[in-house]
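Predicted, not measured: the structure shown is a model, and the values here were computed from it. One-based numbering, in listed order, for ligands and for the atoms of each. This chain uses plain numbering: 1 for the first residue, then up along the sequence.
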Amino acid sequence: MDIKQTADKHIANTYARYPLALVRGEGCRVWDDEGRSYVDFIAGIAVCNLGHAHPALVETLTAQARKLWHVSNLFYTQPQAELAAWLTEHSFADRVFFANSGAEANEAAIKLARRYFKENGAAERYRMVSMKQSFHGRTMATLSATGQEKVRKGYDPILEGFDFVAFNDIEELACAIGPATCAVMLEPIQGEGGVVVPHRDYLAQVRKLCDESGCLLIYDEVQTGMGRTGKLFAYEHSGIAPDILTLAKALGNGLPIGAMLATERVASAFVPGAHATTFGGTPLVTSVALKVLKLIVEEGILDEVQPKGDYFRSGLEKLKSKYPVIEEVRGKGLLVGARLNIPGAPIVNACMERGYLINCVQDNILRFAPPLIISREEIDGVLDCLDEVFTTI
Ligand SMILES: *Cc1c(COP(=O)(O)O)cnc(C)c1O
């Protein structure tokens, strides 16, 4: 079977795939069907934080697979209970709702925010302020919350009640919050929007505006969570906690799992029957996610994320001073961006030919999100590769 031909013929045409069929992964490396290997600076879009086929995760997954996969949320299971306890002990939150993806975690957050005010006698508060260039997912509610025209195009009428302001513009946010606002929703660092980092104090100012108006603050940490920026959750850098936080991507290191975390006060608006999903938090995925979290802590993974990210960015800064097509280097920890004044696609392809997988968002921003276990040698490797590629353009 020709994998690419079969896929292009039979799979819904929603992705422009790179011309690689990948068959195997180990650590920070993946192999294609012709036996070529690549160093993975995408990690399944900030998902495989502990790399591919991590032995301890394979062990946990197979052990659980022999025991119990799925029973539905009509019953208690230990891995789900343990994971919820772990997440609340290590965050601002008191309760967790388990979903299967980032979009679903955000869907739960949007529903909870609306319901919270309905339950508290303020049904008129249903609007949400989110950010231009944000990304919250592809379901109807989450694309309605997403501040990118290309994501919403073709799906009118989208869900009513979303207002958009520029990320990092506190004045605009202050004007947009009104008596009908139930929540402000944002990514502590915009991922798909191009690795956009907030100004110092921005999150504190957002929190203050929310408190003054009585609306909730929702952080979408689907991309920034789970150690990507050097803390377990990106909000810890600022110390400014939200009322609701969503996770997905790296939570299961590749197994599909999402989670919505909330304080007791807010979560109390969810009662039996208010929200549900068949697969949410199966023993299979929660046992792996629990192991992911334990490994991150036990192996001191977080300690190295910021130093490695700084090392990577300083290397990119050197390239920037050499190649004027690189306009800005940014990011936090191992969520790294380089804004170009030329299209990024040819750079991505040239790196792929040289054995490095990187990716590009917003047409001209190279995004790097390697496994957190990436080595300095591998970072040197991608920097050398980029150096070579930029010489040829
Ligand atoms: C990827 C992403 C989502 C959507 O997650 P899916 O699992 O693809 O539904 C939502 N928010 C952010 C910030 C993301 O990066």
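Residue contacts with ligand 1: G137 is placed with no nitrogen or oxygen under 3.5 Å of a nitrogen or oxygen of the ligand (distance criterion only).
With a heavy-atom cut-off of 4.0 Å, A248 does not touch ligand 1 at all. Contacts between N106 and ligand 1, counted as non-hydrogen atom pairs separated by less than 4.0 Å, involve the side chain only.
Shortest contact from atom 14 (C) of ligand 1 to any protein heavy atom: K249 NZ, 2.9 Å. Residue, atom and distance of the protein heavy atom nearest to atom 9 (O) of ligand 1 are A103 N, 2.8 Å. Taking atom 5 (O) of ligand 1 as the reference point, the nearest protein heavy-atom neighbour is G102 CA, 3.3 Å. At the top of the distance list for atom 11 (N) of ligand 1, counting protein heavy atoms only, stands D220 OD2, 2.7 Å.
Between Y202 and F167, the ring center distance clears the sub-6.0 Å criterion.
Using bins of under 30°, 30° to 60° and over 60° for the plane-to-plane angle, the ring pair H70/F279 lands in the perpendicular bin. Using the six-membered ring where Trp is involved, F41 and Y356 have ring planes that are tilted, between 30° and 60° apart.
Between the side chains of Q205 and D201, no donor-acceptor pair is found at a separation under 3.5 Å. Side-chain contact, R265 with Y116: a donor N or O sits under 3.5 Å from an acceptor N or O. There is no side-chain donor-acceptor pair under 3.5 Å between T263 and D94.
Near S101, meaning under 4.0 Å from one of its heavy atoms, ligand 1 places the atoms 7 (O), 9 (O). Listed by number with element, the atoms of ligand 1 under 4.0 angstrom from any heavy atom of Q223 are 15 (O). Within the listing of ligand 1, atoms 13 (C) sit less than 4.0 angstrom from a heavy atom of E187.
Stacking of R127 on the aromatic ring of F162 is not recorded, the 6.0 Å distance cut-off and the 45° axial limit not both being met.
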